[in-house]
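Have a look at the structure below, then the notes.
Hydrogens, waters and symmetry mates are skipped; everything else that's a heavy atom, side chains included, is used.
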Amino acid sequence: MARQNKKKIIGKMPEYTHFYSDKCGELKIILSLEEYETIRLIDYLGYDQKQCALTMGVSRSTVVSLYNLARKKLARFLLEGHEMEIQGGHYHLQQSKGEHKMKIAVTCVNGEVFQHFGHCPSFLICEVEDGNIIHSSMVDASQSGCGALAGFLADLGVDTVICGGIGGGAKNHLTASGLKVLPGASGNALAQVESYIAGTLHYDPDSECEHHEHDDNHHCHGHHQCH
């Protein structure tokens with residue numbers, strides 16, 4: 001008896017499902033919901049393949065297979081101009097009450113995203129359940145050094161960090177502590193959390209600060225400067 005295909009967890013349904021070009025024809029490319037989800041998680045939200053696999057409840061090899069299929073279909077849509085539609089698949093939509101909880105920390109000063117993680121004196125902490133912010137508070141981090149912030153946030157139960165510039169070492173510490181890092185954000189801190197929940201957060205995964213511990217000079221790479 002053939003083994004039943006395991007359902008993949010889908011965190012968000014697509015807002016747009018039909019895509020057209022100037023080409024007239026009968027061929028339609030079908031992108032499944034689980035293929036779409038790998039594009040959303042890896043290419044849009046910046047997950048690595050391991051994080052994507054854990055989020056979707058499948059193996060990494062399954063994610064690689066789905067992701068490669070999705071990229072090939074997108075390439076055909078762009079190069080051959082066929083109509084494309086997102087539909088179908090073998091999936092489970094993660095939307096049960098209380099099933100999806102997050103705790104998000106944003107580097108924050110005066111309500112805005114602070115642009116240097118290692119010198120951030122405070123964080124906006126938002127608890128999210130089923131796509132809604134159920135509680136938010138400001139937490140003082142001024143007594144925590146750059147190297148201790150990963151443990152500080154992990155102890156608070158934070159799983160996602162939104163920030164401006166961040167050094168490679170700090171990013172590695174956060175990732176090693178199991179936190180997802182979304183650097184290169186700017187603007188109102190609470191609005192960034194709302195954008196992340198909606199799947200529209202603008203961030204730059206390559207935004208990085210290099211901080212020199214023995215002087216006051218540091219350099220930022222990416223779209224933002226540190227202060």
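In this structure, the separation between CG on L31 and CG on L66 is 10.0 Å, given to the nearest 0.5 Å. Note that CD1 of I133 is 9.0 Å distant from CE of M102, once rounded to the nearest 0.5 Å. Considering NE2 of H92 and NZ of K7, their distance stands at 8.0 Å, rounded to 0.5 Å. Interatomic distance, CG of L153 versus CD1 of I125, reported as 6.0 Å (0.5 Å rounding). Rounded to the nearest 0.5 angstrom, L149 CG and H119 NE2 are separated by 10.5 Å. The distance from the CD1 atom of I9 to the CD atom of E34 is 12.0 Å, given to the nearest 0.5 Å.
Using a 4.5 Å heavy-atom threshold, the side chains of I42 and V63 count as touching. Counting only heavy atoms from C-beta outward, the side chains of V128 and Y196 never approach each other to under 4.5 Å. The closest side-chain heavy-atom distance from R76 to L27 is below 4.5 Å. No side-chain heavy atom of V161 sits under 4.5 Å from any side-chain heavy atom of I166. In this structure, the side chains of T200 and Y44 come closer than 4.5 Å at one or more pairs of heavy atoms. A 4.5 Å side-chain heavy-atom check between D159 and K101 finds every atom pair outside the cut-off. By the 4.5 Å heavy-atom criterion applied to side chains, L45 and R40 are counted as neighbours.
V64 and Y47 sit in two unconnected hydrophobic clusters of ILVMFWY residues. Membership requires side-chain heavy atoms under 4.5 Å apart, directly or through other members. Cluster annotation: L54 and L174 are assigned to distinct hydrophobic clusters (Ile/Leu/Val/Met/Phe/Trp/Tyr, side-chain heavy-atom contacts under 4.5 Å, transitive). Under a hydrophobic clustering in which Ile, Leu, Val, Met, Phe, Trp and Tyr are joined whenever their side-chain heavy atoms come within less than 4.5 Å, directly or via other members, I10 and L69 fall into different clusters. I30 and L78 fall into different hydrophobic clusters, defined by Ile, Leu, Val, Met, Phe, Trp and Tyr side-chain heavy atoms under 4.5 Å apart, directly or through other members. Cluster annotation: L93 is connected to Y36 through the hydrophobic network of ILVMFWY side chains, with a link wherever side-chain heavy atoms come within less than 4.5 Å.
Between S32 and I86, the closest heavy-atom pair is O-CG2, 4.3 Å. The two residues I162 and Q192 make their nearest non-hydrogen contact at CD1-O, 4.0 Å. Closest of all the heavy-atom pairs between A189 and V106 is CB-CG1, 3.8 Å. Of all the heavy atoms in M13 and Y91, the pair that sits closest is CE-OH, 4.0 Å. Across every non-hydrogen atom of A191 and N188, the tightest pair is N-OD1, 2.9 Å. Here the closest heavy-atom approach between residue C163 and residue V113 is recorded as C-CG1, 3.8 Å.
When atom types are taken as modelled, the side chain of N132 and the backbone of I134 share no donor-acceptor pair closer than 3.5 angstrom. A donor-acceptor pair under 3.5 Å is formed between the side chain of S177 and the backbone N or O of H173. Side-chain atoms of K103 come within 3.5 Å of backbone atoms of L156 as a donor-acceptor pair (strictly under, hydrogens ignored). Remark: side-chain polar atoms of S122 are paired, donor with acceptor, to backbone N or O of C108 under 3.5 angstrom. The backbone N or O of E112 sits nowhere less than 3.5 Å from a side-chain atom of N110 that would complete a donor-acceptor pair. Between the side chain of Q115 and the backbone N or O of A185 there is at least one donor-acceptor pair closer than 3.5 Å. Remark: side-chain polar atoms of Y203 are paired, donor with acceptor, to backbone N or O of G46 under 3.5 angstrom. When atom types are taken as modelled, the side chain of T175 and the backbone of N172 share no donor-acceptor pair closer than 3.5 angstrom.
With respect to the salt-bridge test (charged N to carboxylate O, under 4.0 angstrom), the residues K8 and E37 do not qualify. Remark: D43 engages R71 in a salt bridge, criterion side-chain N to carboxylate O under 4.0 Å.
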side-chain contact (heavy atoms from CB on, under 4.5 Å) evaluation trace for E194 with L190: CA-CA 6 Å; E194 293 170 341; L190 184 60; 4.1 Å; yes
Stepwise side-chain contact (heavy atoms from CB on, under 4.5 Å) test for T107 and H116: CA-CA 8 Å; T107 53; H116 184 41; over 6 Å; no
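Heavy atoms of other residues, nucleotides or ligands lying less than 6.0 angstrom from NZ of K50 number 12 at most.
Between F123 and F117, the two ring planes are perpendicular [angle over 60°; tilted spans 30° to 60°]. Y20 and H18 have parallel rings, their planes meeting at less than 30° on a 0 to 90° scale where 60° marks the start of perpendicular.
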